[in-house]
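Working notes, structure below.
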Amino acid sequence: SEIAAYLQIFNDDHRAELIKFLEKDFDVRILVELEPSFLEKIIDEIDFKIIKKAISKLDSDEAANILRALDSDKKIKILSEIPKKDRLFIEDNLSYEKNTAGSLMQKEIVKIPLEYDVGNAIDFLRKSNSLPKVFYDLFIIDKNEKFIGTVPLCTVISTIRKKKIFTIMKKKRESVHFSIDQEEVADIFRKRNLTSIAVVNDEDKLLGMINVDDVVDVIDDEAEEDILKLAGVV
């Protein structure tokens with residue numbers, strides 16, 4: 001985030017020097033920390049190999065945000081070169097309207113069937129090779145993929161294996177529809193002190209999740225906008 005901040009305040013020449021210096025070991029998280037409008041402005045200054053690396057390593061929501069800054073040709077080229085599963089996740093994210101819960105969510109999510117016990121859930125987590133890079137909750141679904149509830153990860157690892165998941169889950173935990181505005185999502189996180197929340201469709205089927213780190217920037221942007229309004233700037 002500090003490097004991203006410098007990139008945003010440097011003049012063109014100094015920014016070009018810093019990007020060149022970083023190229024050999026570029027941390028793709030830098031791109032995530034840049035303001036979307038600024039990333040769109042300088043995207044052509046970033047080596048295409050770095051962008052491809054970012055798309056392949058980041059979660060679907062972050063990858064989609066970077067792709068939105070690219071022109072159509074580059075976007076198609078990158079999507080054609082990544083694994084099908086990852087491509088479908090990213091394309092799905094891109095299909096949602098900007099600034100909605102759908103555009104904020106990541107498709108990588110831990111879904112646990114309602115009939116599992118704790119032992120089944122732990123075994124699933126250990127064997128899975130497609131877990132989210134960061135997650136706080138397990139999302140419980142029925143046979144129709146309908147969202148039922150959540151279980152915090154800390155609860156699972158501290159409970160005996162024979163305990164049924166439905167006995168320790170939080171039933172009817174908060175969820176948001178994919179179409180609601182991102183500011184409303186941020187407000188829900190802020191008021192209810194959530195670490196993550198499920199995103200569902202009209203039939204309450206689980207589509208993905210939003211983590212608290214996904215809405216921090218939304219909260220900051222909202223606060224900045226409110227300050228500017230008070231000052232009569234916007």
Side-chain angles (χ1 to χ4, degrees), residues 1-5 25-36 39 50-68 82-83 85-94 96 100-112 116 118 121-141 147 149-159 165 168-170 173-176 178 182 185-200 206-221:
S1 61
E2 292 177 352
I3 293 173
D25 191 27
F26 196 96
D27 188 333
V28 297
R29 297 293 307 174
I30 295 170
L31 300 180
V32 177
E33 296 295 335
L34 292 171
E35 291 291 334
L39 175 61
I50 292 173
I51 298 173
K52 285 173 61 177
K53 178 183 175 184
I55 300 302
S56 64
K57 284 195 168 187
L58 295 170
D59 288 327
S60 57
D61 59 322
E62 295 167 336
N65 285 336
I66 294 173
L67 279 172
R68 287 188 179 96
I82 62 176
K85 181 180 178 182
D86 295 335
R87 184 176 73 250
L88 291 175
F89 277 2
I90 295 170
E91 288 176 339
D92 184 72
N93 190 285
L94 289 169
Y96 294 102
T100 62
S103 67
L104 278 180
M105 77 174 177
Q106 64 180 70
K107 297 288 289 184
E108 299 87 354
I109 187 171
V110 181
K111 298 179 181 180
I112 300 296
Y116 269 24
V118 169
I122 291 175
D123 291 342
F124 171 80
L125 293 174
R126 288 175 175 169
K127 294 176 182 178
S128 177
N129 58 5
S130 58
L131 294 176
K133 294 179 179 65
V134 177
F135 66 98
Y136 309 101
D137 297 300
L138 280 57
F139 294 83
I140 314 305
I141 56 172
F147 175 58
T150 60
V151 179
L153 182 59
C154 58
T155 300
V156 172
I157 62 176
S158 61
T159 303
I165 284 291
I168 60 172
M169 75 175 183
K170 297 179 180 179
R173 178 77 185 274
E174 292 89 355
S175 63
V176 293
F178 68 84
Q182 64 179 13
V185 176
D187 193 49
I188 292 171
F189 270 84
R190 186 166 44 208
K191 289 180 177 178
R192 303 179 187 178
N193 295 319
L194 302 178
T195 52
S196 63
I197 197 167
V199 181
V200 299
L206 185 62
L207 301 176
M209 70 171 176
I210 300 173
N211 279 332
V212 63
D213 57 308
D214 298 320
V215 298
V216 168
D217 289 339
V218 177
I219 293 172
D220 289 344
D221 291 344

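Computed from heavy atoms alone, side chains included, the values below leave out hydrogens, waters and symmetry copies. Residue numbers run from 1 in the order of the sequence given.
The closest side-chain heavy-atom distance from Y136 to L153 is not below 4.5 Å. Side-chain contact between I3 and D27 is absent, with no heavy atoms from C-beta onward closer than 4.5 Å. Residues V32 and N65 fail the side-chain proximity criterion, which asks for heavy atoms closer than 4.5 Å. Within the 4.5 Å cutoff, the side chain of L94 has heavy atoms near those of the R68 side chain.
Here the shortest heavy-atom pairing between A101 and I210 reads O-CD1, 3.6 Å. A pairwise comparison of heavy atoms in A121 and I165 identifies CB-CD1, 4.1 Å as the closest pair. Closest approach of I197 to S175, counting heavy atoms only: CG1-CA, 3.9 Å. In terms of heavy-atom proximity, A63 sits nearest to L58 at N-CB, 4.2 Å.
Each of D86, I66, I50 was scored for a side-chain contact (heavy atoms from CB on, under 4.5 Å) with I55, with one residue passing: I66. Test Q106, K133, K57, R29 against E62 for side-chain hydrogen bond (donor to acceptor under 3.5 Å, both in side chains) and you get one pass: R29.
Between E174 atom CD and S196 atom OG the span is 10.5 Å, to the nearest 0.5 Å. Rounding to the nearest 0.5 angstrom, the gap separating the OG1 atom in T155 from the CE atom in M169 is 13.0 Å. I188 CD1 to L194 CG: the interatomic distance, rounded to the nearest 0.5 Å, is 8.0 Å. Once rounded to the nearest 0.5 Å, the distance linking OG of S56 with CD1 of I51 reads 12.0 Å. Atom CD1 in I112 sits 10.0 Å away from atom CD1 in I122 (nearest 0.5 Å).
Using modelled atom types, one side-chain atom of K107 and one backbone atom of L207 make a donor-acceptor pair closer than 3.5 Å. A donor-acceptor pair under 3.5 Å is formed between the side chain of D214 and the backbone N or O of N211. Within the 3.5 Å criterion, the main-chain N or O of L125 finds no donor-acceptor partner in the side chain of S128. Counting only distance, with no hydrogens or angles, the side chain of D59 and the backbone of D61 share no donor-acceptor pair below 3.5 Å.
Classified by interplanar angle (parallel below 30°, tilted 30° to 60°, perpendicular above 60°), the ring pair F124/Y116 is perpendicular.
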Checklist entry - For I90 and I82, what are the C-alpha separation, side-chain angles and deciding distance, and is it a side chain to side chain contact (heavy atoms under 4.5 Å, CB included)? => result CA-CA 10 Å; I90 295 170; I82 62 176; 3.7 Å; yes

Checklist entry - Yes or no on side chain to side chain contact (heavy atoms under 4.5 Å, CB included) for F26 and K53, after CA distance, side-chain angles and deciding distance? => result CA-CA 10 Å; F26 196 96; K53 178 183 175 184; 5.8 Å; no

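Applying the ring pair (Phe, Tyr, Trp, His ring centres under 6.0 Å) rule to F178 yields the partners Y96; only residues at least two apart in sequence or on another chain are considered.
Using a 3.5 Å distance cut-off with no hydrogens or angles, the side chains of S60 and N93 do not pair a donor with an acceptor.
Salt bridge present: D187 and K191 bring a charged side-chain N and a carboxylate O closer than 4.0 Å.
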